[in-house]
Undergrad: 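The structure under discussion is supplied below as structure tokens; questions concerning it will follow.
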Amino acid sequence: MLQRLAEGGGWPLDLVDAVYVFGSYARGALEPGDVDVAVDFRSSGGRDPRIDLRQALIGRQRGMQFQFGATERQQLEKDDVAMLRLWCRSDTLAQALAVPHGIKEDAAAGRAQRDDMTEEFEGVDRYIPRPVRAELIAWRDAGLVTFTRLNLPETQTVSAGKTMAWVINTRWKPDSRCAPPRPPLPVLYLLLSPGGRPEQSGR
């Protein structure tokens, strides 16, 4: 990733202003889970570049979770999440590589407590962005929605409407980060309060 940034390569990499690492990896954990990365980028005035940025930064590699946008990074910092800057636009590759090499191992560093979590999100939180989890919890606390988790057997299927069928057939690929895992994820079932129009939401 750092080499790609240092070498450039046009759009969308030229939108990136800075890259930060946070979480257990940044704290020096000996066996971190996914590496958490925050990316500050400039708007291109066209389509949202987030998906393209992830592909341009790491290709098909797994094990990295991204937060895109300075606003999301700043919100994490307000929540006392320490950020370690890996790279900024003026850095050379040597300067960028010196940052992870300088992280001291810490056997006591483990995974930080996850915010905006409920038991319904356990094990699937990586697929539900934190701002979405926070909003869902706020809606539930305000009595606007209820939600529960349905664990589907591997042999059970869920009927998809036209829109979802189109997404599955045209947008999801077997190696996509957004593709349905196997075995399938539990479905999060939402129901609006009587004051709203009843709705159901799958994954």
Side-chain angles (χ1 to χ4, degrees), residues 1-9 12-44 48-138 175-179 181 185:
M1 180 180 70
L2 294 177
Q3 183 171 354
R4 294 184 184 197
L5 285 166
E7 292 176 351
L13 290 178
D14 56 4
L15 300 178
V16 178
D17 288 323
V19 174
Y20 301 78
V21 66
F22 62 99
S24 59
Y25 177 84
R27 294 193 302 273
L30 300 181
E31 296 183 3
D34 292 341
V35 178
D36 297 303
V37 178
V39 179
D40 288 1
F41 68 95
R42 290 171 284 111
S43 173
S44 61
D48 190 325
R50 287 173 172 83
I51 295 177
D52 298 287
L53 273 173
R54 188 183 191 282
Q55 177 69 24
L57 287 168
I58 64 171
R60 296 185 177 181
Q61 295 180 53
R62 298 182 180 273
M64 301 183 77
Q65 296 296 309
F66 286 91
Q67 297 286 340
F68 287 107
T71 301
E72 292 192 16
R73 173 181 58 79
Q74 291 164 358
Q75 182 58 55
L76 288 170
E77 290 177 321
K78 288 180 181 178
D79 294 337
D80 296 324
V81 176
M83 294 281 170
L84 178 63
R85 195 180 75 184
L86 281 178
W87 178 90
C88 72
R89 186 172 294 277
S90 61
D91 286 347
T92 65
L93 178 58
Q95 289 173 318
L97 291 174
V99 177
H101 291 163
I103 297 175
K104 295 182 179 179
E105 292 184 349
D106 183 356
R111 295 188 66 181
Q113 180 177 350
R114 291 167 293 169
D115 295 316
D116 302 314
M117 283 293 296
T118 70
E119 63 178 326
E120 290 85 0
F121 299 146
E122 280 295 335
V124 297
D125 52 295
R126 63 177 297 179
Y127 301 100
I128 308 173
R130 182 180 174 188
V132 175
R133 299 199 308 266
E135 194 165 18
L136 287 173
I137 292 171
D175 59 350
S176 170
R177 175 175 177 264
C178 299
L185 281 175

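Computed from heavy atoms alone, side chains included, the values below leave out hydrogens, waters and symmetry copies. Note that the structure is predicted; figures quoted are calculated from it, not measured.
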Undergrad: Could you walk me through whether Arg4 and Met1 pass side-chain contact (heavy atoms from CB on, under 4.5 Å), step by step?
TA: CA-CA 5 Å; Arg4 294 184 184 197; Met1 180 180 70; 5.8 Å; no
Undergrad: Do you know the tightest heavy-atom contact between Gln67 and Glu72?
TA: OE1-OE1, 2.5 Å
Undergrad: Between OG1 of Thr71 and CG of Leu76, what distance do you get to the nearest 0.5 Å?
TA: 11.0 Å
Undergrad: Between Arg89 and Leu15, which heavy-atom pair has the shortest distance, and what is it?
TA: NH2-C, 3.8 Å
Undergrad: Could you tell me which non-hydrogen atom of Ala38 sits nearest to which non-hydrogen atom of Phe22, and how far apart they are?
TA: N-CE2, 3.8 Å
Undergrad: Just how far is it from atom CG of Leu30 to atom OG of Ser24, taken to the nearest 0.5 Å?
TA: 10.5 Å
Undergrad: When rounded to the nearest 0.5 angstrom, what distance separates CD1 in Ile103 from CD in Glu105?
TA: 10.5 Å
Undergrad: Looking at Arg42 and Asp14, would you say the former's side chain and the latter's main chain have a donor-acceptor pair under 3.5 Å?
TA: yes
Undergrad: Could you pull out the closest heavy-atom pair between Gly69 and Phe41, with the gap in Å?
TA: N-CE2, 3.6 Å
Undergrad: Between Gln65 and Asp34, what is the shortest heavy-atom contact and its length?
TA: NE2-OD2, 3.3 Å
Undergrad: Keeping the roles fixed (side chain from Asp79, backbone from Val81), state whether a donor-acceptor pair exists under 3.5 Å.
TA: no
Undergrad: From Arg54 CZ over to Arg60 CZ, what is the distance, rounded to the nearest 0.5 angstrom?
TA: 12.0 Å
Undergrad: List the steps and the verdict of salt bridge (charged side-chain N to carboxylate O under 4.0 Å, His left out) for Arg73 and Asp40.
TA: CA-CA 8 Å; Arg73 173 181 58 79; Asp40 288 1; 2.7 Å; yes
Undergrad: Any chance you could measure Phe66, atom CZ, to Ile51, atom CD1, to the nearest 0.5 Å?
TA: 13.0 Å
Undergrad: Do you know the tightest heavy-atom contact between Ala96 and Pro100?
TA: O-CD, 3.0 Å
Undergrad: Distance check, rounded to the nearest 0.5 Å: Glu120 atom CD versus Arg133 atom CZ?
TA: 12.5 Å
